[in-house]
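Per chain, numbering begins at 1; letters A, B, ... match sequence-line order.
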Amino acid sequence: MRRSSAKPSLWVLAVREREADVIVVGGGPAGLAAASSCKEAGLEVLLVEREGSLGGILPQCIHTGFGILETKEDYTGPEFAEMLEKRARDLGVEILLDSYVSRLSQVGGCGASIEVLSPRGVETMRASTLIFSTGCRERNAFEIGITGDRPAGVMTAGTAQALMDLYGLLPGREVVVVGSGDVGLIMSRRFALEGAKVKAVVEITRYPGGLTRNVVQCLEDFGIPMLLSHAVLEVRGRKRVESVVVSEVDEKQGPVPGTESEIECDTLVVAAGLVPEAGLLEKAGAKIDPLTGGPFVNEFLETSLRGVFACGNVLVVNDLVDHAVEQGRLCAMSAKSLIEGTMRRPSAWKRAVPGENVRFVVPHLFSGDRDTVFYSRVRSPMRDCSLSFNEIDKEVRIRAAMPAEMVRVRIEGSLLSGVGEALTFEVRGWPKGKRG
Amino acid sequence: MAERKERVTCIVCPVGCKIEVSVKDGEVLSVEGNACVRGVEYAKEECTSPKRVLTTLVSVRGGVLPVTSVKTTKPIPKELVSRAQWEISKVTLEAPVPIGKLVLGNLLGTGVDVVATRSVEARKAVGHR
Amino acid sequence: MPFRVAIIGAGVVGSAVARELSKYEGFEVHVLEKEADVGWGASKANTGILHAGYDDDPSKFPMRARLCRAGNELWRGLADELEVPVRWCGSLVLAFDENERRVLAELLSRGRSNGVPGLRVVGTDLVQKLESNASKEAVEALWAPTSGIISPYEATVALIENATENGAKLHLETLARRIVVKDRRVVGVETDRGFLEADAVVNASGIFGDLLSGTAGISGFRIRPRRGEYFVFDRDAEPKVGMTLFPAPRPETKGVVVTQTADGNLLVGPNAKDLGEKERESTETTKGGLEEVWREASRLVVGLPPRSAAIRTFAGLRPEPDRGDFIIEAYEDPSGLVNCVGTRSPGLTSAPAIAMEVAKLLAKGGFRFAIKGKWKSRRKAMTRFRDLPSSERDGLISKDPSYGRIVCTCETVTEAEIKEAIRRGARTLDSIKFRTRAGMGRCQGSFCLAKMMVLLSRETGTRIEDVSVKGKGSNVVLGRVRDGT
């Protein structure tokens with residue numbers, strides 16, 4: 001570590017400084033993949049991780065379903081995390097653990113400077129490119145409007161998972177889960193396997209939020225009921241949760257009066273969605289997409305701050321770790337081309353915009369000079385449909401589109417180059433009789 | 001034995017077909033409601049010999065964490081899942097536990113092993129803390 | 001033999017009394033608190049406003065009028081001595097029509113007769129200059145430059161820490177059941193942990209004040225809970241207000257307020273809902289109540305953040321006396337009892353003045369007051385790492401590397417601070433939270449809960465499964481999934 005050579009009289013300003021080609025903030029799957037790819041590309045890379053260990057949320061996701069696209073094998077979360085970590089370590093990526101980024105700012109029109117707090121002290125690190133991969137956080141009970149008491153026993157699914165699967169603790173014996181996304185379903189199974197009774201999984205929409213596989217193997221296998229079009233309104237219990245009040249909801253997801261009922265339980269697990277942790281980016285001036293909660297990016301996954309890239313769940317909440325890894329690799333390639341001076345930005349960006357039944361599209365800007373992978377999600381489930389575009393002749397047939405599953409599509413540069421100002425992503429019904 | 005009808009939700013793809021399978025004496029007589037051929041295989045197996053990969057925890061003594069995660073190396077018959085969970089929960093390992101460590105061989109005579117899926121380092125000996 | 005005083009209730013009032021009495025020679029001060037920490041009743045779920053003192057009509061509520069004004073003055077020195085963060089930001093009472101303008105005029109004259117300095121009515125232009133986020137619809141405002149904002153739980157912790165450093169004894173999770181009287185004299189308090197002998201009992205039990213007073217035979221008043229609900233926003237949420245904004249008050253309440261907490265969060269609330277006699281612990285939030293708060297608050301400011309940006313909603317109960325005024329009195333029969341109840345708003349502001357009032361009442365009983373030779377007036381605040389510049393942070397880390405481990409990433413709270421809170425007596429997660437802010441940020445503890453449990457268990461030598469959120473019966477987990485160690 002280089003110590004600055006400030007004069008002794010200025011010792012208080014002698015905050016240690018570091019420099020690298022690339023700084024990666026966040027050592028989850030996307031950050032690990034990005035750092036390894038940078039190193040492979042011959043860049044000097046620093047990986048900064050706030051926890052004492054790597055892998056982000058993966059080490060507590062003990063179920064399978066990780067890395068199928070990347071490796072053709074079905075790994076558990078901790079296994080996949082250890083593979084990613086081993087690769088980064090074998091490549092000699094410099095890793096700083098227990099290192100918390102307290103400030104991020106753009107410097108010199110490209111790249112960034114960060115302030116890092118760690119047991120080593122306060123350090124300033126500068127790099128011409130920075131890859132931001134800080135993941136996301138969970139929405140809590142207050143954010144989804146649950147009222148009532150505030151006792152022990154209300155926790156997010158991720159907290160319950162950490163308590164159970166890292167620390168070996170049993171968060172509850174009689175459990176109600178809010179939200180039927182994959183996280184809620186998988187935690188329901190974990191509770192059931194460990195002998196707790198999952199009284200209900202409460203889902204506010206008309207359809208399950210998670211994959212069919214998980215509905216079958218996490219709920220049906222264990223006889224756990226799912227209440228669709230229902231919401232938890234209220235928590236009761238002064239010291240520890242004693243019950244929750246649920247009700248049916250109407251089309252606008254408002255409670256239907258007269259349908260309230262009370263479910264006795266000691267624990268309420270909230271699995272009500274994830275929010276990108278983009279606060280540092282936002283404070284540094286990056287533009288945020290209200291549809292994803294993550295930054296606006298171009299096809300290089302570069303944010304509106306030049307030389308600052310984003311990948312993984314801070315960019316867009318992924319359902320497959322493979323997509324996070326893919327985004328990490330793309331960030332690394334972008335950083336390399338920026339550093340080597342081969343990055344060609346167009347004179348004017350074209351925009352990718354969500355249309356009918358599409359909630360968001362990432363990346364937001366593209367040049368049309370190259371093949372580009374886009375990620376999007378549908379608003380509501382649809383059978384036998386297609387992702388289509390008015391502006392170009394391309395149509396991707398989808399047997400069943402669900403909000404739970406990211407729609408990933410690679411569009412050829414030859415097609416994109418023909419787009420005018422914007423490309424509209426739409427998911428529409430597949431015409432009957434049409435072949436596809 | 002009489003013919004029985006079972007309803008299976010196909011998990012092969014997101015369509016989630018509701019498939020109806022007629023079974024008699026462990027033989028599949030008919031499969032209906034599937035949108036594609038992959039559903040037939042899945043539905044047949046799910047009705048006659050459903051299998052699951054079990055992922056759960058095992059106690060670790062002297063580790064930086066008190067548990068490690070484990071998995072069955074292959075899917076095991078679904079009806080054995082709760083017995084398997086019980087068998088696995090009786091095991092205690094000593095730290096350090098390397099990833100991939102064999103935890104139980106030939107789980108309940110299935111020929112399937114249980115291995116650790118997370119490394120757990122040994123806790124440094126620094127007294128109580 | 002020292003004169004033993006038992007104070008029932010470690011809210012801000014009981015703690016202020018404890019701090020006051022711990023100054024003097026010859027007292028042995030005991031504080032009985034039923035919760036696992038101090039300040040967990042009305043003191044915690046409170047707006048934190050140090051009122052200027054124009055609200056209360058001295059002819060109707062002489063105690064409130066006098067003690068609020070005096071308390072506002074006392075907090076200036078006290079906040080400094082106890083190192084409690086306070087912002088003397090001033091407040092504006094907004095008037096939207098002629099009727100409300102008349103109310104402002106009334107408040108102004110009341111404030112003047114209460115001796116509130118600097119009070120004036122200002123027009124729209126100055127309102128906008130003072131607080132650019134105040135509603136443009138307001139036609140006039142009463143500006144009270146001496147109004148402030150304090151962290152009410154930190155104030156309570158500071159008072160009790162200073163009191164105990166000066167010899168007071170705090171008994172947590174000790175429920176006072178009955179004030180015991182013998183031969184027309186108070187002789188002690190019966191608690192769920194046994195009998196505590198005392199020469200005098202100060203009843204500062206807040207919402208339970210009438211019930212406990214009744215056990216000593218004094219039952220000329222009733223206390224009823226009045227619930228108020230709040231929204232609190234992330235420290236990054238915009239827009240924020242620099243000053244406290246009030247609507248024109250109604251008889252039962254000063255109304256829903258928009259303010260910024262001492263820690264920098266936008267805070268909105270409370271409404272006022274009168275509850276029944278048995279609902280003394282009904283601190284639940286309600287859909288209707290929160291909607292009311294939202295409606296009212298939206299009148300006062302231009303563009304609140306979206307409601308879904310609120311990171312927490314909560315409710316507290318104010319102890320509302322049927323007589324209206326604070327009940328701060330001693331009796332001939334039984335002698336030795338000092339009631340110190342009905343301390344609704346402005347109870348927090350008045351607390352230091354109430355404490356002096358209690359001392360005076362005890363003095364009337366013939367006790368002589370002499371300040372202890374070794375009395376320590378100052379209390380040192382917890383380290384607040386997040387407020388320090390980088391160079392000081394670096395200095396702290398070089399002395400103790402655990403300052404370099406950030407446990408609560410939303411609020412930048414370090415492991416060293418959490419250990420300090422535990423050393424200072426925090427035994428539950430909420431105690432740590434209210435002392436350090438760990439878990440008060442946008443994720444509401446979902447990232448740091450497990451780490452805090454590990455620290456609490458390690459530092460106190462308790463089993464991790466016994467760690468609780470707020471004392472007995474509120475464990476975070478219900479056991480282990482495996483028997484490993």
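Within the 4.5 angstrom heavy-atom criterion, atoms from both the backbone and the side chain of B:R118 approach chain A. The parts of A:E79 that come within reach of chain B are both its backbone and its side chain, each placing non-hydrogen atoms under 4.5 angstrom from that chain. Neither the backbone nor the side chain of B:T68 comes within less than 4.5 Å of any heavy atom in chain A. Both the backbone and the side chain of A:L193 come within contact range of chain B, judged by heavy atoms closer than 4.5 Å. With a threshold of 4.5 angstrom between heavy atoms, A:E194 approaches chain B through its backbone and through its side chain.
Side chains of A:R428 and A:S388: a donor on one and an acceptor on the other come within 3.5 Å.
Top candidate by heavy-atom pairs under 4.5 Å with chain B, chosen from A:E405, A:M402, A:Q217, is A:Q217. The most heavy-atom pairs under 4.5 Å with chain B, out of A:T76, A:D384, A:V216, A:D221, come from A:D221. Most heavy-atom pairs under 4.5 Å with chain A, from the set B:V53, B:V67, B:T117, B:I99: that is B:T117. Of the listed residues (A:A400, A:A192, A:A401, A:P381), the one with the most heavy-atom contacts under 4.5 Å to chain B is A:A400.
Residues B:K74 and B:D113 are not paired through a salt bridge, judged by the lack of any N-O separation under 4.0 Å between the basic side chain and the carboxylate. For the pair A:R120 and A:D98, the salt-bridge criterion is not met [side-chain N within less than 4.0 Å of a carboxylate O].
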Side-chain donor-acceptor pairs under 3.5 Å in residues 9-17 of chain B, sequence neighbours left out?
from, atom 1, to, atom 2, distance (Å)
B:T9, OG1, B:K18, NZ, 3.3

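Among residues at least two apart or in separate chains, there is no salt bridge (Lys or Arg N to Asp or Glu O under 4.0 Å) pair with a member in residues 26-45 of chain B.
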Give the intermediate values and the outcome of side chain to side chain donor-acceptor pair (under 3.5 Å) for residues A:E82 and B:S119. CA-CA 8 Å; A:E82 286 197 30; B:S119 317; 2.6 Å; yes

